Amino acid sequence: MAKKAARAPKRSATPARRAARSSTPVRKAAKAAPRKAAAPLRKGAARATATAKADKYVYSWGAGKADGNGSMKPLLGGKGANLAEMARIGLPVPAGFTITTEVCTYFYANKRTYPASLEGQLQQGIAKIEKIMGYKFGDAKKFPLLVAVRSGARDSMPGMMDTILNLGLNDETVVALENATQNPRFAWDCYRRFIQMYGDVVLGVQKRAGEDHEPFESVLEHYKHEHYGNGELEDNKLTADDLKAIIVLFKKLVKERTGKAFPTDPWEQLRGAAGAVFGSWMNDRAIVYRRKYNIPAEWGTAVNVQAMVFGNTGEESGSGVAFTRDPATGEKVFYGEFLLNAQGEDVVAGVRTPEPVAQLAGEMPKAYKELERIRKVLESHFKDMQDFEFTIQDGTVYMLQTRNGKRTGVAAVRIATEMVKEGLIDWQTAVMRVPADQLDQVLAPIFDRVAVKKAAVIAKGLPAGPGAASGEVYFNADRAVEAAAKGKKVLLVRIETSPEDLRGMIAAEGILTARGGVSSHAALVARQMGKVCVCGAAALQVDYNKRTLTVGGETYNEGDWLSIDGTAGEVYAGHIETGASEVIQGLVENDAESKKGRTFKNFVQLMKWCGEATRMTVRTNADTPEQVRNALAFGAVGIGLTRTEHMFFEGDRIDAMREMILADTLEAREEALAKLLPYQREDFFGIFKELKGYPATIRFLDPPLHEFLPNTEDQQKDLAKKLGISVEKIKQRVHDLHEFNPMLGFRDPEITAMQARAVFEAAADANKKGYKAHPEIMIPLVGFKKELDLQVDLVHEVARKVQAERKTTIKYSVGTMIEVPRGAVTADEIAQTAEFFSFGTNDLTQTTLGMSRDDSGSFLPHYEETEIVKKNPFATIDQTGVGALMRIAVEKGRQTRKDIKLGICGEHGGEPDSVKFCDALGLDYVSCSPFRVPVARLAAAQAAIAARKK
Ligand code: ADP
Ligand code: MG
Ligand code: MG
């Protein structure tokens with residue numbers, strides 16, 4: 001039954017602030033560690049002077065002109081390049097200049113000194129601002145020019161120095177400011193802010209180990225408490241006299257902490273601030289961040305110096321952060337927040353609660369109209385959703401920053417498709433704009449946003465299956481199935497899952513495990529079924545006997561409600577409302593109402609474009625007709641991997657399977673296999689029927705066989721009774737299969753013959769009914785050509801027999817999975833027999849790295865931390881290692897057989913970076929779980945578009 005589509009939840013109170021925070025994760029929060037004394041802008045080594053002369057280190061902008069532009073991000077940093085660009089297109093940007101990233105590079109290459117010509121260029125830069133603004137830096141008589149000093153790497157980067165505002169103030173200039181504005185509160189508020197910011201950020205007057213509060217904040221709070229009996233009093237309630245008194249206390253604090261008086265010379269202040277920005281490039285937090293996101297240290301940061309505009313002059317002023325569209329939903333609405341009578345940092349600091357930007361329409365209609373105009377100019381110029389910062393000074397709007405806004409997956413799809421409709425971008429750009437790894441957010445069931453805010457996170461694990469699920473917890477598959485049959489919503493909670501839990505996993509809304517990584521059994525199955533899953537939530541203590549789950553001191557019993565967010569990897573106590581995504585309801589459940597939805601239509605449009613762009617096709621890894629149906633609905637064009645062994649677990653098939661494995665004689669084995677044949681034939685028929693003529697790569701039985709045998713004493717006893725054999729024999733067999741070659745197992749000609757017969761009989765049946773079967777039989781784990789030969793001969797023999805028996809011809813091919821290194825490096829030999837290769841990158845990764853993924857969770861996190869591996873190789877193809885083997889196999893395979901069909905069926909086939917790598921290798925297709933098909937299609941299309949651009 002189709003549920004009603006989950007509608008976009010209502011906006012929360014201060015979303016822009018959170019969005020702003022998440023796009024610049026630091027702002028206020030990530031204050032850099034205390035800095036070593038900032039190096040002043042001293043002259044560099046004499047050697048450098050000659051070469052430095054010709055170099056331009058300072059790029060100015062203002063009054064509708066700029067030395068730089070938006071394309072110069074490497075040199076000017078993101079902020080500086082876009083400030084120049086905005087000035088160029090006539091937006092109201094206060095004049096300023098950028099000191100280039102080259103200066104940062106020089107700074108570190110020359111013992112923290114500066115190029116000789118910098119000082120002069122700096123003075124010229126300030127002179128230009130003075131000319132445009134009509135004020136003088138350090139003017140003690142008239143309105144003084146004050147500046148903001150702002151860091152600016154290529155991408156905004158947490159860990160970099162906080163912005164310093166109101167620089168240029170001292171005991172004289174503040175009086176000049178007071179006289180010029182006749183606004184003492186404003187003047188002294190600026191001075192107070194400046195000393196606090198500069199003291200904190202440049203002079204390092206910060207919380208010491210063991211202190212709970214920032215020292216400036218403590219002084220402020222103490223003052224408010226003493227004079228107003230309220231330490232929490234809002235800053236804007238302080239009078240000019242209060243501020244003067246506080247400034248005296250602040251200066252005292254600086255003297256105490258640094259041993260020096262607060263610098264009064266504006267030029268010294270400026271050099272100190274610029275030095276601190278460059279110095280912050282190498283602070284611990286910035287280094288850690290760069291390492292994590294692979295940002296080279298050579299990039300360096302720029303420094304922006306810009307004339308101040310003031311949002312704190314009164315009730316006709318203020319500061320805000322806005323988006324040209326809603327970054328959560330993508331809706332084309334003006335979205336953001338604004339704080340009256342405030343400077344910028346107040347908005348993100350969360351001291352006061354900002355109001356929605358839309359409210360300005362009533363409060364300052366003229367400024368609002370200007371903002372609306374700017375919003376349109378920004379989008380039509382930058383051709384993307386912008387995230388921008390602005391200040392209104394006495395009713396006039398000034399632009400302080402713009403950049404492409406971060407957005408959710410849902411918003412990305414909507415914005416990209418709607419911008420094509422609006423004629424802003426072409427469809428290829430739209431395809432490139434949606435981050436492939438975020439597309440699954442569009443497919444995932446979702447929590448009600450208001451409800452989830454009230455719920456508490458009790459544990460964290462790996463986000464293994466995106467989406468949200470809520471249900472009563474059950475600790476075993478049978479009881480989970482039982483409860484689900486009674487109509488309950490169930491969460492299956494296991495320490496780890498195994499194939500025996502499959503039924504419970506199917507019945508459950510979501511799966512939660514205490515152990516296992518992103519490629520554990522639970523994660524794999526969850527992705528294949530599109531189930532919500534959090535795995536490896538190590539804080540969970542599951543007691544199967546008591547049927548309890550203990551975490552954080554709380555114990556949950558079977559039947560209690562929990563909720564999991566598989567997109568974030570979070571576990572919540574209690575029940576949270578959820579609903580299936582519109583896309584799934586429309587495509588998979590064929591729900592007419594959902595098909596009318598916007599998200600659905602946008603998604604379908606995007607996928608259509610992907611189809612036009614792509615070179616590589618996308619198949620699916622599917623074991624059942626239902627999975628095939630889902631995958632085809634998402635645009636898959638065949639099966640890249642059917643794992644036939646998964647077919648042996650259902651119902652009483654497992655008994656026949658076990659009987660076969662335990663058989664002593666050939667006759668007994670063939671007898672057991674004969675029982676399995678009809679099941680397999682039926683399964684294959686169902687798949688061929690669903691495939692509508694698309695090819696199906698069917699992998700024959702893949703050892704290890706011990707997985708099919710019971711491993712607890714009780715289960716073994718049961719089986720012994722059922723089959724009339726001794727428990728010892730079962731134990732012995734489990735032991736044999738387990739110990740000898742646990743990963744690679746052994747091959748049994750009888751099994752191959754049975755499976756081939758099942759495939760061909762099913763194909764004959766399908767052809768007769770007009771379903772055009774196209775099996776591609778895949779022999780796994782081949783390292784030697786001869787290994788394959790023996791199997792292939794068998795397959796052909798059975799094919800001949802069945803075709804003769806049924807008097808029909810079956811279109812089929814036989815190939816192999818490349819999943820051991822020997823297979824890859826002897827691919828030229830293997831291709832003599834194999835008509836296709838499919839890279840089984842799960843095992844190829846295990847065998848190449850010599851790492852079992854089953855327990856890789858115990859050391860891989862450490863490997864990632866110490867950067868032995870950049871990314872989990874079981875999630876993203878290790879391109880330099882495993883990828884090199886793939887390249888060899890592709891080249892050698894094609895040498896022998898020019899038109900050899902090449903694909904990938906490992907879990908990597910649904911991971912965007914790996915998909916792009918496969919496109920570069922020239923593979924014909926990738927194959928992935930049904931619910932990953934859209935992601936893979938998007939990644940494949942993006943790879944094709946990028947390749948064409950080159
Ligand atoms: P971040 O990279 O953390 O966003 P910014 O350099 O953009 O840091 O500065 C933070 C805030 O400081 C801005 O949003 C703005 O409100 C304020 N600000 C920056 N430059 C100026 C300026 N020239 N005049 C007034 N306020 C400014
Ligand atoms: Mg900013
Ligand atoms: Mg394998």
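Being a predicted model, the structure only gives us computed values, none of them experimental. Both ligands and their constituent atoms are indexed starting at 1 by order of listing.
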**Message:** Tell me whether Gln343 has any N or O atom under 3.5 angstrom from an N or O of ligand 1.
**Reply:** no

**Prompt:** With atoms numbered from 1 as shown, which atoms in ligand 1 lie under 4.0 angstrom from a non-hydrogen atom of Gly344?
**Reply:** 15 (C), 16 (O)

**Message:** Between Lys79 and Asp155, does the salt bridge (charged side-chain N to carboxylate O under 4.0 Å, His left out) criterion hold? Intermediate values first, please.
**Reply:** CA-CA 8 Å; Lys79 206 180 283 168; Asp155 290 316; over 6 Å; no

**Request:** Would you check the N or O atoms of Ser151, main chain and side chain alike, for any that come under 3.5 Å of an N or O of ligand 1?
**Result:** no

**Asked** Taking heavy atoms and a distance under 4.0 Å, where does Met308 meet ligand 1: side chain, backbone, both or neither?
**Response** both

**Message:** Polar contacts were defined as any N/O atom of the residue lying under 3.5 Å from an N/O atom of the ligand; does this apply to Ser319 and ligand 1?
**Reply:** no

**Prompt:** Can you tell me if Asp55 uses its side chain to pair, donor with acceptor, with the backbone of Tyr57 under 3.5 Å?
**Reply:** no

**Request:** May I ask you to check if Arg290 and Trp299 form a cation-pi contact, with NZ or CZ under 6.0 angstrom from the six-membered ring centre and within 45° of the axis?
**Result:** no

**Message:** Checking Arg88 now: which residues fulfil side-chain contact (heavy atoms from CB on, under 4.5 Å) with it, not counting sequence neighbours?
**Reply:** Ala66, Asn69, Glu85

**Request:** Please determine if Arg271 and Glu119 form a salt bridge, counting it only when a charged side-chain N lies under 4.0 Å from a carboxylate O.
**Result:** yes

**Request:** Please could you name the atoms of ligand 1 that Ala148 approaches to less than 4.0 Å, counting only its heavy atoms?
**Result:** 20 (N), 21 (C), 22 (C), 23 (N)

**Request:** Check whether any side-chain heavy atom of Phe186 lies under 4.5 Å from a side-chain heavy atom of Phe310, and answer yes or no.
**Result:** yes

**Prompt:** Taking both backbone and side-chain atoms of Gln306, is any N or O found less than 3.5 Å from an N or O belonging to ligand 1?
**Reply:** yes

**Message:** Give the atom numbers and elements of ligand 1 that come within less than 4.0 Å of a heavy atom of Gln401.
**Reply:** 4 (O), 5 (P), 7 (O)

**Message:** Suppose we only count N/O/S atoms under 2.8 Å; would Thr163 qualify as near the Mg ion (ligand 2)?
**Reply:** no

**Asked** Salt bridge or not for Arg373 and Glu370, using N-O below 4.0 Å?
**Response** yes

**Item:** Results of side-chain contact (heavy atoms from CB on, under 4.5 Å) for Glu130 - residues two or more places apart only
**Value:** Ile126, Ala127, Lys136, Phe137, Leu145

**Complete:** Note: ligand 1 atoms sitting under 4.0 Å from heavy atoms of Ala307 are 22 (C), 23 (N)

**Item:** Backbone N/O of Thr264 and side chain of Asn170: donor-acceptor pair under 3.5 Å
**Value:** yes

**Prompt:** If you measure from atom 6 (O) of ligand 1 to every heavy atom of Val93, Thr163, Leu400, Leu83, which option wins on shortest distance?
**Reply:** Thr163

**Item:** Any Pro94 heavy atom less than 4.0 Å to ligand 1
**Value:** no

**Request:** Report yes if some N/O of Leu165 lies less than 3.5 Å from some N/O of ligand 1; otherwise report no.
**Result:** no

